[in-house]
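Working notes, structure below.
Note that the numbering runs from 1 along the sequence shown for the chain. First listed ligand is number 1; within each ligand, the first listed atom is number 1.
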Amino acid sequence: MENKRGQWGSSFGFLMAAVGSAVGLGNIWGFPYKMGANGGGAFLLIYLILVVVVGFATMLGELALGRKYGRGAVGTYAAIGKKWTWVGYMGVASGFFILAFYSVLGGMVLRYMVGFIAEMFGMTGFGGLGSGEFFGGFTTNAGSMLIYYAIFMVLNIIIVSGGIEGGIEKFSKIAMPALAAILVVIIVYVAVQPGAGAGYAFMFVPKFEAFATNGFFNILRTAAGQMFFSLSLGMGCMITYGSYLGKEQNLDTNMVIIPVADTCIAIMAGMAVMPACAAFGMDYGRGPGLLFVTLHEVFSTGMGGFIGSLMGFLFYFLVLIAAVTSSISLLEVCTAYLIDKKIEKGEEPDRKKLTLIIASIIFVVGIPVALDGLGAGRAGGAALDIPATFLGITENIPMAVDCWLDLYDCLAEGIMMPLGALMMSILIGWVLGTKVIKDEVEETAGVKLTMYKFMEICFKFIVPVIMAIVLISQIMDFFG
Ligand code: PHE
């Protein structure tokens, strides 16, 4: 059974794959602007505390459960007890819906990368348009959106078809060090631009007055939501990756290395993005428009010339790597479910075929995300209306239905993921008992769970409370 499912070839390979899953659009896109807009250094402080009191334990819980039961999300929860299987299904469903919109975004990143390559060679990569105009035209162009979305999905299929060691691990081992190297190049280049300083100040200077203006609770829930999405927790991704770990792998250190590496990359991403915006006079408080509109302008008009195109290419290449190493982990959660089912039935799992089937279904489900102009709808020139229109809602449109992307995000990140993490911590803390986790960690010769007492408090009290806060506030955000 072990061989049919596959296994990581090395500890380094596993770490690159797991850090690759964690480091994604969330780090490069979400973290810098959320940090800047929510108190800078004050936000960072809360974020770091949350990584320690929620991130470490949840990461450990998922990896340990996965390795213990040797199955994906559904198989693991089913093995704990039939009545918990639904938690595993929520994980697979989360992976399914996140991958659908994540791949549309990944395709867009690919388009921007291609545009900057063309500009490097003196061609017009963006139709000679300004960043805002290009963005509007591209996102409402059904053909382009679908083609880049399809290419991105095919990339995922190729990698995941290759298996754990021969596909995911092999790709991540090259891609993640490349990502880190490119990030350093951009950080250094940006640091020497005049005016960059204001960007660091925006990010790092603690603005404790934000606790009063934004509200402490708001900052806490923003940080907590960002943290668990960024660590790929709550949907069985780390359970699935953990299920391919051998008993010789040290969970006691891995549960710290992955969150620390993810946080470092998020901070580094901010040190590339925010000062770049500051140096070229772009508005970095613009939120979600940051990744496409603002940064496109930074590279094409701000930096300009060949160096601008080169930096633009490097930057979107980096984002593409981050997106692919995350999306393959989402696809793997779904593929692993099908593989486990085959094995359970005593059949030979055909990974290539199963990957192709599930990815094709996800692709179809994601098509509306690529067609509604990211919320522009038919009124804005897109091919498809937003979900609210189908529901007949025309005023006070809740975020959950203001575009197809937000609808899928709401189902996954808004409801199923925090509920999944909440259920897991309750299961470990109150039903199974934390000793199960400790025993699994200590299966490795010579390894002791160093923070056992602390972990117990996290599983029993801190993680459930924080996850309940995230769940409630996400629902408020999406439906408020
Ligand atoms: N952690 C990824 C990011 O920050 C997203 C992700 C979530 C990936 C859940 C896998 C599972 O973009």
Side-chain angles (χ1 to χ4, degrees), residues 16-35 47 50-51 54-55 58-59 62-63 66 72-73 88 90-106 108-109 152 156 159-160 168 172 175-176 179 183 222-242 258-270 273 288 290-291 318-337 362 405 408-421 424 467 470 474:
M16 289 303 103
V19 173
S21 168
V23 172
L25 296 174
N27 298 59
I28 298 164
W29 193 357
F31 186 83
Y33 87 80
K34 284 184 193 167
M35 180 166 159
Y47 189 89
L50 285 169
V51 168
V54 178
T58 317
M59 181 63 68
E62 291 207 12
L63 292 175
M90 271 196 328
V92 174
S94 301
F96 187 101
F97 284 108
I98 297 176
L99 185 60
F101 73 78
Y102 212 84
S103 299
V104 173
L105 295 170
M108 291 172 63
V109 172
F152 187 87
N156 279 276
I159 297 168
V160 174
I168 296 177
S172 309
M176 291 311 289
L179 178 147
L183 191 50
T222 306
Q226 170 68 24
M227 188 266 319
F228 95 97
F229 183 78
S230 183
L231 289 177
S232 307
L233 296 172
M235 41 103 25
C237 194
M238 292 299 166
I239 294 181
T240 308
Y241 273 21
I258 301 165
V260 167
D262 180 71
T263 307
C264 288
I265 302 265
I267 295 172
M268 286 168 71
V273 168
L290 179 73
L291 182 60
L318 172 164
V319 182
L320 182 68
I321 293 175
V324 173
T325 50
S326 295
S327 56
I328 52 179
S329 72
L330 294 160
L331 181 53
E332 180 57 28
V333 169
C334 303
T335 303
Y337 163 64
I362 295 171
L405 190 157
Y408 292 178
D409 191 27
C410 162
L411 291 172
E413 196 186 347
I415 300 170
M416 294 190 288
M417 285 173 77
L419 186 56
M424 189 195 75
M467 280 305 136
V470 171
Q474 302 267 34

Exercise for review: Examine Gly26 against ligand 1 and note whether any of their N/O atoms are separated by less than 3.5 Å.
Suggested key: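 Yes, Gly26 has an N/O under 3.5 Å of an N/O on ligand 1.
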Review point. Would you say Val23 and ligand 1 have an N/O pair spaced under 3.5 Å apart?
Key: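 It does not: no N or O of Val23 is found under 3.5 Å from an N or O of ligand 1.
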Practice item. Ignoring hydrogens and angles, tell me if any N or O in the side chain of Ser21 forms a donor-acceptor pair with the backbone of Ser329 under 3.5 Å. Key: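 Absent.
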Review point. Backbone N or O of Gly26 within a donor-acceptor pair of the Gln226 side chain at under 3.5 Å?
Key: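 Judged by distance alone, yes, a pair lies under 3.5 Å.
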Exercise for review: Run the numbers for me: atoms of ligand 1, each under 4.0 Å from some heavy atom of Ser230, listed by number.
Suggested key: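 By the 4.0 Å cutoff, the relevant atoms are 1 (N), 4 (O).
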Check your understanding: Which atoms from ligand 1 have a heavy atom of Ser329 less than 4.0 Å away?
Key ->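 This gives 10 (C) as the contact atoms.
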**Study point:** Exercise: identify the closest heavy-atom pair between Leu25 and Leu105
**Key:**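 For Leu25 and Leu105, the tightest heavy-atom pair comes out as CD1-CB, 3.8 Å.
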Check your understanding: Taking C-beta and beyond as the side chain, do Ile98 and Phe229 meet within less than 4.5 Å on heavy atoms?
Key ->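 A side-chain contact exists here, since the closest heavy-atom pair is under 4.5 Å.
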Exercise for review: Using a 4.5 Å cut-off on heavy atoms from C-beta on, say whether the side chain of Met176 contacts that of Val23.
Suggested key: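 Side-chain contact under 4.5 Å: yes.
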Point to revise | Step-by-step side-chain contact (heavy atoms from CB on, under 4.5 Å) determination, Leu330 to Tyr102 | key: CA-CA 9 Å; Leu330 294 160; Tyr102 212 84; 4.3 Å; yes
Point to revise | Option set Gly20, Gly234, Ser232, criterion heavy-atom distance to atom 10 (C) of ligand 1, minimum | key: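 Closest candidate by heavy-atom distance is Ser232.
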Practice item. Pick, from Ala22, Ser21, Ser326, the option with the minimum heavy-atom distance to atom 4 (O) of ligand 1. Key: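 Nearest heavy atom to atom 4 (O) of ligand 1 lies in Ala22.
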Give the residue, atom name and distance (to 0.1 Å) of the protein heavy atom nearest [atom].
atom: atom 11 (C) of ligand 1; value: Met235 SD, 3.3 Å
atom: atom 12 (O) of ligand 1; value: Tyr102 OH, 2.5 Å
atom: atom 7 (C) of ligand 1; value: Phe229 O, 3.6 Å

Exercise for review: Nearest 0.5 Å please: distance from the CD1 atom of Ile321 over to the CG atom of Leu179.
Suggested key: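 The CG atom of Leu179 is 5.5 Å from CD1 of Ile321, to the nearest 0.5 Å.
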